[in-house]
S.K.: 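Pasting a structure below so you can have a look.
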Number of protein chains: 2
Amino acid sequence: MKNTVEKIASLGANQKIIDLILPLLIREELPKGYMLLREGRIERSFFFLEEGVARAFHQADGRDVTFWFGAEGEILLSLKSYFSNVPGYESIELLEKSVVYKIPDHALQNLYLSDLDMANWGRRFAEFELMRADKRYLNQQFKTAAERYEEFIRDYPELVNRVQLGHIASYLGVSQVTLSRIRAERR
Amino acid sequence: MKNTVEKIASLGANQKIIDLILPLLIREELPKGYMLLREGRIERSFFFLEEGVARAFHQADGRDVTFWFGAEGEILLSLKSYFSNVPGYESIELLEKSVVYKIPDHALQNLYLSDLDMANWGRRFAEFELMRADKRYLNQQFKTAAERYEEFIRDYPELVNRVQLGHIASYLGVSQVTLSRIRAERR
DNA sequence: TGCATTTTTTAACAAATGTAAAATTGATTG
DNA sequence: CAATCAATTTTACATTTGTTAAAAAATGCA
């Protein structure tokens, strides 16, 4: 469970925190295409993606827009569900055969409310994701689709060949046709 | 300081937390156009906007894109600076004569590291902003500019007439000309 | 290996949005 | 109140991107 432990540690955890979290984890091996979380439900679980690739997406009027990718070491959850106990807006799909470590229900929440270091760990997790969400938004506003594609390749080099084009296109906010045109330009 | 206290309380604070935060606050009255935070600097202050309106924006190649608005009761800070101690990417400008309450340096951080309730308060703040950032991003991807404008009017009814059009346009991710066209359609 | 299915690319056209510049409206002040 | 400045709207045109459909390439499986 190397990736999971590294992720926990990267959010500023000491050994004590790792020892608090590890006993909560339940290992699950899941197939490609598995829907880990579904939008519209209250999803109370929290996952570490130990191996595999996942995308978070949202559906409306027939369209399906990916707005988040995670590879090994990422944390997967339904933000609104987990933070506010209301139905979430995102589904999370595993794009490869994956191994996850699950923390069921709100076991973490209980730790947050009783342990200072855990509360600060949870704070840092939310802060990091917030910076990431903000950066993604600014990219969307400032950069052309071609530039965003270049940055995607830089930020997620492993994913370019593991994820199908339509998902990357919707993540970048363009149609698949446009992304194909961008790739053609590069050659 | 009604708006500030309400904001603190809305993030799940009890009276103890309010009593911890209030003594840190320094009141400042600032003129329209004042730059509260500047991108590229390490900005270690944290503000409550008691009265007035502010926008966060980022500049690059001559363009200036607003990506956040705050009215009375909002918290203003440079995310990356505050969370990670590196130069931030956002500037915050006051769009009206404003009153803010400032917490200098990292006084809050110290509380986070020593008080469980404060750490959870900080966690909830980041979590709420994260949900908000995520929603903003999904709006950008899913809705037409006209729909985003309708939603803006619903979410920030007070701001429509207090903020100039160019800022709203850039917040919505369209040119000012396009926003003018959208407004013409509505009549 | 070869067939079927899925994914990606290309083409043609339509629609939406940006840019630049002019016209209009509104606000401020001497 | 007129004059000036700032903000918003409108116009004309160019460019980008989306949509739909077909072709090509890649993948999976019998």
Side-chain angles (χ1 to χ4, degrees), chain A residues 31-34 52-53 55 57-67 69 93-97 138-153 156 158-187, chain B residues 31-34 53 55 57 59-67 69 93-97 138-153 156 158-187:
Chain A
K32 174 174 177 170
Y34 186 83
V53 175
R55 70 177 183 117
F57 65 100
H58 173 74
Q59 285 179 300
D61 26 85
R63 289 192 315 133
D64 159 329
V65 173
T66 297
F67 60 95
F69 284 110
E93 177 188 7
L94 300 176
L95 300 177
E96 299 180 350
K97 182 166 178 300
L138 285 178
N139 268 350
Q140 197 68 18
Q141 297 291 55
F142 269 100
K143 305 207 170 158
T144 64
E147 288 168 333
R148 295 202 298 278
Y149 182 62
E150 296 301 330
E151 186 153 334
F152 180 81
I153 292 173
Y156 300 99
E158 344 77 77
L159 293 193
V160 181
N161 299 311
R162 287 164 82 182
V163 171
Q164 68 187 62
L165 208 63
H167 294 150
I168 297 176
S170 81
Y171 177 82
L172 298 176
V174 295
S175 69
Q176 175 163 337
V177 172
T178 297
L179 182 52
S180 247
R181 286 195 268 240
I182 289 168
R183 283 154 63 106
E185 291 291 319
R186 284 167 54 88
R187 278 179 279 127
Chain B
K32 173 173 176 173
Y34 187 84
V53 174
R55 71 178 183 114
F57 66 99
Q59 286 179 301
D61 27 85
R63 290 192 316 132
D64 159 330
V65 172
T66 297
F67 61 96
F69 283 111
E93 176 188 9
L94 300 176
L95 301 176
E96 299 180 350
K97 183 168 177 298
L138 286 177
N139 269 351
Q140 197 68 18
Q141 298 291 56
F142 269 101
K143 305 208 169 158
T144 64
E147 289 168 333
R148 295 202 297 276
Y149 182 62
E150 296 300 331
E151 186 153 336
F152 180 80
I153 292 173
Y156 299 98
E158 345 76 76
L159 293 193
V160 181
N161 299 310
R162 288 166 78 182
V163 172
Q164 67 187 64
L165 208 63
H167 295 148
I168 298 176
S170 81
Y171 177 83
L172 297 175
V174 295
S175 70
Q176 177 164 334
V177 172
T178 298
L179 181 53
S180 248
R181 287 195 268 243
I182 289 169
R183 283 153 64 105
E185 290 291 320
R186 283 166 54 88
R187 279 178 279 125

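Chain naming here is simple, since letters A, B, ... match the order of the sequence lines and numbering starts at 1 in each.
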S.K.: Distance check needed: dT16(D) C1' versus E147(A) CD, whole Å only.
M.R.: 15 Å
S.K.: May I have the distance from L95(B) (atom CG) to dA6(D) (atom P), rounded to whole angstrom?
M.R.: 18 Å
S.K.: For E147(B), which residues count as a salt bridge (Lys or Arg N to Asp or Glu O under 4.0 Å) partner, sequence neighbours excluded?
M.R.: none
S.K.: Looking at residues at least two apart in the chain, or sitting in another chain, which of them share a salt bridge (Lys or Arg N to Asp or Glu O under 4.0 Å) with R181(A)?
M.R.: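 In terms of salt bridge (Lys or Arg N to Asp or Glu O under 4.0 Å), with neighbours along the sequence ignored, R181(A) is linked to no residue.
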S.K.: Rounded to whole angstroms, how far apart are CZ on R162(A) and P on dT7(C)?
M.R.: 17 Å
S.K.: Judged by atom type as modelled, is there a donor-acceptor pair below 3.5 Å linking the side chain of S170(B) to the main-chain atoms of T66(B)?
M.R.: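 Here the side-chain-to-backbone pair exists.
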S.K.: Across nucleotides 25-30 of chain D, 5' to 3', mark each nucleotide with B, S or - according to how protein heavy atoms within less than 4.0 Å reach it.
M.R.: ------
S.K.: Go through the structure and list residues passing salt bridge (Lys or Arg N to Asp or Glu O under 4.0 Å) with R183(B), not counting sequence neighbours.
M.R.: none
S.K.: By ring pair (Phe, Tyr, Trp, His ring centres under 6.0 Å), which residues pair with F69(B), not counting sequence neighbours?
M.R.: F152(B), Y171(B)
S.K.: Please find the pair of heavy atoms, one from V53(A) and one from V163(A), that lie closest to each other, and give the distance.
M.R.: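 Minimum heavy-atom separation between V53(A) and V163(A): CG1-CG2, 4.0 Å.
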S.K.: Going by side-chain hydrogen bond (donor to acceptor under 3.5 Å, both in side chains), name the residues that satisfy it together with E151(A), two or more places apart in sequence or in a different chain.
M.R.: K135(A), N139(A), K143(A)
S.K.: List for me each residue that meets side chain to side chain contact (heavy atoms under 4.5 Å, CB included) alongside E185(B), sequence neighbours excluded, and say none if there are none.
M.R.: none
S.K.: Take nucleotides 8-17 of chain C nucleotide by nucleotide from the 5' end and write B, S or -, depending on whether a protein heavy atom sits under 4.0 Å from the base, only from the sugar-phosphate, or from neither.
M.R.: BBBBB----S
S.K.: Could you tell me how far apart D64(A) (CG) and dT7(C) (P) are, to the nearest whole angstrom?
M.R.: 12 Å
S.K.: Could you check how far CD of Q141(A) sits from C1' of dG18(C), rounded to whole Å?
M.R.: 15 Å
S.K.: Name every donor-acceptor pair, under 3.5 Å, that has one atom in a side chain of residues 172-179 of chain B and the other anywhere in the protein, sequence neighbours excluded.
M.R.:
{"unit_1": "S175(B)", "atom_1": "OG", "unit_2": "T178(B)", "atom_2": "N", "d": "3.2"}
{"unit_1": "S175(B)", "atom_1": "OG", "unit_2": "T178(B)", "atom_2": "OG1", "d": "3.1"}

S.K.: Apply ring pair (Phe, Tyr, Trp, His ring centres under 6.0 Å) to H58(A) and list each qualifying residue two or more places apart in sequence or on a separate chain.
M.R.: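 Applying ring pair (Phe, Tyr, Trp, His ring centres under 6.0 Å) to H58(A) gives F142(B).
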S.K.: If the helix axis at each end comes from five base pairs, how far does the helix from dT1(C)-dA30(D) to dG30(C)-dC1(D) deviate from straight, to 10°?
M.R.: 40°
S.K.: Among residues at least two apart in sequence or on other chains, which ones pass salt bridge (Lys or Arg N to Asp or Glu O under 4.0 Å) with K32(B)?
M.R.: none
